[in-house]
Amino acid sequence: MAPTIHLVRHAQGVHNLCVENEAIRDPDLTPLGEQQCAALRASFPHHARVARLVASPLRRTLSTCVAAFGAPALYPLAALDVLQEVSDAPCDLGSGPERLRAEFGDRVDLARVRPGWTDKGEGSVFEPTLEALTARAREARRALREIAGSGDHHVVAVSHGGFLHFVTDDWQGIPAGGATGWANCECRSYHFVDPTGADEDAALVETEESWRRRRLTQKPPSALEQRELRAALQRRIIPTLKVKA
């Protein structure tokens with residue numbers, strides 16, 4: 001008996017269309033992004049088993065979660081500030097609680113969103129440094145484990161392409177010049193490596209079903225291979241992610 005965590009990258013946002021749009025704060029989904037949500041809703045095979053919905057508090061992740069997975073029995077979904085995107089670019093800075101409540105109403109619970117969650121300055125837990133991001137990813141995994149509980153519940157968590165690499169510690173598939181190997185609205189499924197909950201790192205491992213769903217024929221990398229890949233890839237993508245070493 002172990003929970004399953006379905007991690008999802010948000011659908012296409014306006015900022016994904018061009019570099020100039022990254023100057024837009026907390027942007028909307030595009031029409032294509034809305035279509036991607038509908039396609040994910042139609043193809044996701046585990047709706048009946050989902051017990052909780054979780055999302056980064058940015059508008060594109062909340063909108064993706066509602067459109068692709070939302071249901072009255074699953075509301076309110078939990079907005080989790082540690083799932084927000086990596087950088088301090090305007091597109092990766094969130095909105096205040098008043099705007100979020102006006103847009104999403106009682107479909108979203110903001111209890112886990114700290115007052116300073118949009119502050120990514122020096123010393124903040126949300127600062128875009130490798131050290132802070134690694135610590136935040138660990139906090140996110142622990143929060144997901146606590147939300148999931150000890151049963152065989154399924155939890156959906158919608159986050160961001162850059163940050164999902166930190167959450168999963170899986171650094172494969174990042175193209176040259178890119179910041180993520182996750183496609184918009186891509187879903188991957190995970191179990192906790194230690195089902196007892198004693199692992200302080202709350203490490204995740206991708207399920208065999210998810211690995212096959214992605215049509216990957218090679219064997220999953222070992223822990224040593226993942227560490228080596230992390231060291232190489234983090235150095236390469238620091239400029240693209242706008243992260244300070």
Side-chain angles (χ1 to χ4, degrees), residues 1-10 46 49-58 61 65 69 74 77-86 109-114 117 124-174 180-182 186-211 213-214 220-231 233-234 241 243:
M1 299 283 285
T4 301
I5 309 297
H6 303 285
L7 296 177
V8 180
R9 184 190 176 196
H10 64 80
H46 303 294
R49 302 192 67 185
V50 174
R52 293 295 303 275
L53 299 177
V54 184
S56 151
L58 276 89
T61 37
C65 195
F69 304 99
L74 295 175
L77 68 90
L80 198 60
D81 57 12
V82 287
L83 286 178
Q84 67 177 292
E85 183 57 300
V86 168
D109 177 8
L110 299 176
R112 292 176 181 261
V113 180
R114 285 163 274 198
W117 80 282
S124 164
V125 296
F126 305 110
E127 183 181 8
T129 65
L130 290 179
E131 182 179 2
L133 289 164
T134 300
R136 175 152 70 89
R138 181 171 57 249
E139 183 181 350
R141 290 191 298 270
R142 288 175 175 174
L144 290 172
R145 184 172 63 187
E146 183 248 316
I147 289 169
S150 58
D152 60 351
H153 303 299
H154 287 227
V155 174
V156 170
V158 184
S159 186
H160 304 263
F163 190 60
L164 283 167
H165 288 289
F166 288 89
V167 174
T168 62
D169 203 25
D170 181 348
W171 299 89
Q172 296 188 92
I174 302 176
T180 182
W182 290 66
E186 181 177 353
C187 175
R188 304 181 192 178
S189 306
Y190 295 81
H191 290 148
F192 291 102
V193 173
D194 179 4
T196 71
D199 172 20
E200 292 187 0
D201 202 43
L204 293 166
V205 60
E206 190 170 6
T207 67
E208 291 184 10
E209 183 269 340
S210 177
W211 189 263
R213 188 171 69 234
R214 294 202 284 140
S222 67
L224 175 59
E225 289 170 333
Q226 287 283 37
R227 288 195 298 271
E228 292 174 343
L229 193 59
R230 178 206 308 153
L233 265 293
Q234 282 186 345
L241 284 176
V243 171

Pairwise distance [atom1]([X]) to [atom2]([Y]) - rounded to 0.5 angstrom:
X	Y	atom1	atom2	answer
L77	L110	CG	CG	9.0 Å
I174	W182	CD1	CH2	11.5 Å
L83	L58	CG	CG	10.5 Å
L164	E85	CG	CD	8.0 Å
L53	L74	CG	CG	4.5 Å
Q234	T134	CD	OG1	5.5 Å

Test item: [X] and [Y] side chains (from C-beta on) under 4.5 Å apart, heavy atoms:
X	Y	value
H160	V86	no
R52	I5	no
L7	L144	yes
T180	R9	yes
Y190	S210	no

Are side-chain N/O atoms of H10 and S159 paired as donor and acceptor at under 3.5 Å?
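Side chains of H10 and S159: no pair found under 3.5 Å.
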Please check if any side-chain donor atom of S189 sits under 3.5 Å from a side-chain acceptor atom of R213, or the reverse.
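Yes, because at least one side-chain N or O of S189 sits under 3.5 Å from a partner of the opposite role on R213.
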Among all residues two or more places apart in sequence or in another chain, which pass the side chain to side chain contact (heavy atoms under 4.5 Å, CB included) test with [X]?
X	answer
A198	D194, T196
R227	A223, L224, R230
V193	A203, V205

Donor-acceptor pair, Q84 side chain versus W117 backbone, under 3.5 Å?
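Yes, because the side chain of Q84 sits within donor-acceptor range (under 3.5 Å) of the backbone of W117.
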For R138 and A202, indicate whether the former's side chain and the latter's backbone hold a donor-acceptor pair under 3.5 Å.
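No: the side chain of R138 does not pair with the backbone of A202.
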Is it the case that R136 places NZ or CZ above or below the six-membered ring of F163, under 6.0 angstrom from the centre and within 45 degrees of the axis?
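Yes, R136 sits over the ring of F163.
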Among residues at least two apart in sequence or on other chains, which ones pass ring-ring contact (aromatic ring centres under 6.0 Å, His included) with H46?
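Checked H46 against ring-ring contact (aromatic ring centres under 6.0 Å, His included); matches are H6, F44, H154.
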Tell me every residue that passes ring-ring contact (aromatic ring centres under 6.0 Å, His included) with W171, counting only those two or more places apart in sequence or in another chain.
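Checked W171 against ring-ring contact (aromatic ring centres under 6.0 Å, His included); matches are H165, F166.
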What residues, two or more places apart in sequence or in another chain, satisfy side-chain hydrogen bond (donor to acceptor under 3.5 Å, both in side chains) together with R112?
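With sequence neighbours excluded, R112 shows a side-chain hydrogen bond (donor to acceptor under 3.5 Å, both in side chains) to E146, given in chain and number order.
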Could you check R49 against T4 for side-chain contact (heavy atoms from CB on, under 4.5 Å), going step by step and ending with a plain yes or no?
CA-CA 10 Å; R49 302 192 67 185; T4 301; over 6 Å; no
side-chain contact (heavy atoms from CB on, under 4.5 Å) assessment of T168 paired with E206:
CA-CA 8 Å; T168 62; E206 190 170 6; over 6 Å; no
Would you name the heavy atoms of A55 and T61 that are closest together and state the gap between them?
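Reported closest heavy-atom pair: CB-O, 4.0 Å.
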E209 atom CD: more than 12 heavy-atom contacts under 6.0 Å:
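Buried by this count: over 12 neighbours within 6.0 Å.
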